[in-house]
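Written out below as structure tokens is the structure these notes cover.
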Amino acid sequence: MKEMMKELKVGNKVYPICFNLNVMEILQEKYGTLQNWMESIEKKTKNKNEETIEPDVTALKFGFAEMINEAIDIQNEKNEIKQEPVTLKQVGRIITEIGFTEMTGILTNTINESTQSVEKN
């Protein structure tokens, strides 16, 4: 696994996001496995005979908050200027602005890039 740090621009604000062992551990503790969490944010539901993707909003917000707050912790250790962690309500506003589909894509791409490094090593 390789620690993956990225930046996410929302309006005029830039949020760091990180996927590493700390985030993976928290997601495993809450959802059993990383795969369970990923399936919950990409959950398929039936709606009027059509299959649609409707994410588990709680799982999406929780995972995204953990990734942002881990990145903030890492930056706070390195920088003199300290940033406050985000709340779940703030994460909900970020996701609303970005959109479910794009946010899910950002999260899964970040996780995939981080975990692919394990296969290459």
Hey, is the main chain of [Y] close enough, under 3.5 Å, to the side chain of [X] for a donor-acceptor pair?
X	Y	value
Asn69	Pro85	no
Asn109	Gly105	yes
Thr96	Gly92	yes

Heavy atoms, side chains only, cut-off 4.5 Å: are [X] and [Y] in contact?
X	Y	value
Leu8	Phe64	yes
Phe19	Asn112	no
Ile72	Tyr15	no
Ile41	Asp56	no
Val23	Ile111	no
Trp37	Lys30	no
Ile74	Cys18	yes

**Message:** Grouping I, L, V, M, F, W and Y whenever their side-chain heavy atoms are under 4.5 Å apart, do Val57 and Val91 come out in a common cluster?
**Reply:**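 In one cluster: yes.
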What distance do [X] atom [atom1] and [Y] atom [atom2] have between them, rounded to the nearest 0.5 Å?
X	Y	atom1	atom2	answer
Met67	Met5	CE	CE	12.5 Å
Leu34	Met24	CG	CE	5.0 Å
Met103	Ile95	CE	CD1	6.0 Å
Ile68	Asp73	CD1	CG	12.0 Å
Ser40	Leu27	OG	CG	9.0 Å
Glu25	Asn20	CD	CG	10.0 Å

**Item:** Exceeds 12 heavy-atom contacts within 6.0 angstrom, atom CD of Glu84
**Value:**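 Open.
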**Request:** Flag yes if more than 12 heavy atoms outside Lys82 fall under 6.0 Å of its NZ atom; otherwise flag no.
**Result:**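 Yes, enclosed.
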**Prompt:** Which pair of heavy atoms, one from Leu88 and one from Ala65, lies closest together, and at what distance?
**Reply:**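 That closest heavy-atom pairing would be CD2-CB, 3.8 Å.
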**Request:** Examine the side chains of Gln83 and Asn76 and answer whether a donor and an acceptor come within less than 3.5 Å of each other.
**Result:**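 No donor-acceptor contact under 3.5 Å links the two side chains.
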